[in-house]
J.: 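What follows is a structure written as structure tokens; I'll ask about it next.
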Amino acid sequence: MNASTGGVAVYIDSLCPPEGIWIAGAGRAASDDGQLEVRDPATGRLVTRIADAGIPEAVAAVDAAAGALPQWGAATPPRVRSEVLRRAFELMMEERNLLAALIARENGKATADAQAEIAYAADFFRWFAEEAVRSEGAYGESPAGGTRTIVTHRPVGVAALVTPWNFPAAMATRKIAPALAAGCTVVLKPAAETPLTALAIARLLSRAGVPDGVVNVLPTSAPADVVSTWLEDPRVRKLSFTGSTGVGRVLLRQAADRVVNTSMELGGNAPFVVMDDADVDAAVQGALVAKFRNGGQACTAANRFYVHASVAERFVGRFVDEVAGLRVGPPEVEGNQIGPLITRRAVDDIRALVDSAVGAGARLAFEQQLDPGLTGYYFPPTVLTDVPDDADILQREIFGPVVTVVTWSDEEQVLAWVNGSEYGLAAYVYSGDLKRALRFSEALDAGMVGVNRGAVSDPAAPFGGMKQSGLGREGAREGMREFQEAQYFSVDWA
Ligand SMILES: NC(=O)c1ccc[n+]([C@@H]2O[C@H](COP(=O)([O-])OP(=O)(O)OC[C@H]3O[C@@H](n4cnc5c(N)ncnc54)[C@H](O)[C@@H]3O)[C@@H](O)[C@H]2O)c1
Ligand SMILES: O=C[C@H](O)CS(=O)(=O)O
């Protein structure tokens, strides 16, 4: 690995395999010697160059995963898989500070956010260490009698995992942990912007006792080549994808050719509803978490704030005060809460979205003045009010630190606005009346609803979306089922 940003080389070298591509428990170079550049979004500077995988490496990774499958899947007792995952949890927590520094460097998120991500990511190893030994089946008498039915769940096989850049550790462990718990082996393609964290996790898993070939990681600048090679390979039986709805649609079409089992964690456009009887201070605190975690670059990020007219002035006033106090700057500076966006293009896209909303009649209630010395891909925390309910910004994922506020007074109307989105991932509802909040929440087209809370992510809960936000669930008991297939035996009992 060719690290070029001062002291960062020390922890990259200590955490990541030296060459970059990780196959069968060893780092290797690309067959064409191709290199992928990793850049620091806080400065735009080069962090390092690593091997850039292509089709030969995609095939070699499946060779390794398919070779390791019989031993890991059928011949390793669940208790052993469980203990390896538990050890991975412990190692990840031991390495927490270094791993967080690595995430902050390649992703740009504030160090506190990066540390929270490592704790969350490690928790998937702990949770699925516990689930690995609880793969229950069923035994029953057939309704007509004369037969007994035995149901078991077996590993689906080699799984292709594709992850985004916004949570480079947690999105990887949320897939690797259940896959390994179920007895699958994996080939993982991290986002090109943030490959180092996934490589560090692969190396850590090896230290935890994961046998060679069980986890293989391929950073690449040619995602379509690598992933379609996997989807065309009959040895690959599963695709678990996290990313945008647009790319998800493309991969669903490709997966259809061989009827590959798919799990899709796609985009979101979360509404945040504040009712007239809400505790406004609590709602403001929840809104800060729901909107600004990871600088707004989360699939669960609140995009659309629907605030009852009777509390709108109070809510907006207090929220703007809090937003004005957010500290934006380099992730490694203690106390900074918002880092840069991932790329210059993201900054330009969000600026265009804000300008178009203002052009459509929204009011720019607040925009933070950034330190002119910041050289990376920063976007100022911004609050827009009086946003017309048909504005483009309410229909798209913002994926940045921009708040849009719409006021309402009719519950039926706000429900229609909230559900009038192609997405259905997360939603947030604040009300002083729990029964009312739950009744309203049950009517929402959202896989996850935070009730008087600004966060929904929890390894023990089924994470996932309705409508075009995805298919399947991660975390919880359901997360392991995504990597298993039911098989039943019909036994003659006459
Ligand atoms: N629902 C969830 O759990 C969840 C979690 C995190 C992020 N996301 C979503 O992810 C998006 C942001 O991440 P992103 O910009 O990395 O998304 P993206 O869809 O651009 O990329 C996701 C992954 O797919 C790969 N990819 C891109 N084009 C591909 C192709 N043609 N074939 C195969 N692979 C391809 C990328 O390299 C990356 O690894 C947002 O929409 C966000 O909501 C969803
Ligand atoms: O980007 C969305 C992810 O799923 C992250 S989290 O689960 O909300 O932390």
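Start at 1 and go down the list; that is how both ligands and their atoms are numbered.
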J.: Are K175 and F124 in a cation-pi contact, defined as NZ or CZ under 6.0 Å from the six-membered ring centre and within 45° of the axis?
T.: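 Not flagged: K175 not positioned over aromatic ring of F124.
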J.: Would you kindly say whether R345 and Y377 are connected by a side-chain donor-acceptor distance under 3.5 Å?
T.: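 Result is no, nothing qualifies.
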J.: Does any donor atom in the side chain of E474 or S263 lie under 3.5 Å from an acceptor atom in the other side chain?
T.: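 No, no side-chain donor-acceptor contact under 3.5 Å.
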J.: Between N107 and E193, is any side-chain donor less than 3.5 angstrom from a side-chain acceptor?
T.: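 On atom types as modelled, these side chains do not qualify, holding no pair under 3.5 Å.
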J.: Between R86 and E90 (salt bridge meaning N to carboxylate O under 4.0 Å), is one present in this structure?
T.: yes
J.: Can you work out which protein residues put a heavy atom within less than 4.0 Å of ligand 1?
T.: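 Ligand 1 is contacted, at a heavy-atom distance under 4.0 Å, by V162, T163, P164, W165, N166, M171, R174, K189, P190, A191, P223, A224, V227, F241, T242, G243, S244, V247, L251, E265, L266, G267, G268, C299, E397, F399, L425, F463.
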J.: Please tabulate, one line per pair, the protein N or O atoms found under 3.5 Å from any N or O atom of ligand 2, giving the distance to one decimal.
T.:
| residue | atom | partner | partner atom | Å |
| --- | --- | --- | --- | --- |
| ligand 2 | 1 (O) | N166 | ND2 | 2.9 |
| ligand 2 | 1 (O) | C299 | N | 2.7 |
| ligand 2 | 4 (O) | R174 | NH1 | 3.1 |
| ligand 2 | 4 (O) | R174 | NH2 | 3.3 |
| ligand 2 | 7 (O) | Y120 | OH | 2.7 |
| ligand 2 | 7 (O) | R174 | NH1 | 3.1 |
| ligand 2 | 7 (O) | S457 | OG | 3.0 |
| ligand 2 | 8 (O) | R293 | NH2 | 2.7 |
| ligand 2 | 8 (O) | T300 | OG1 | 3.0 |
| ligand 2 | 8 (O) | S457 | OG | 2.8 |
| ligand 2 | 9 (O) | R293 | NH1 | 3.0 |
| ligand 2 | 9 (O) | R293 | NH2 | 3.2 |
| ligand 2 | 9 (O) | S457 | OG | 3.4 |

J.: Is R235 salt-bridged to D63, cutoff N-O under 4.0 Å?
T.: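 Salt bridge between R235 and D63, a charged N being under 4.0 Å from a carboxylate O: yes.
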J.: Less than 4.5 Å apart, side chain to side chain, heavy atoms only: is that true for L199 and I50?
T.: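 SC-SC contact between L199 and I50 confirmed.
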J.: So, are R396 and D392 salt-bridged, with charged N and O less than 4.0 Å apart?
T.: yes
J.: Return yes when atom CZ of R453 has more than 12 non-hydrogen atoms of other residues, nucleotides or ligands closer than 6.0 Å, and no otherwise.
T.: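 No.
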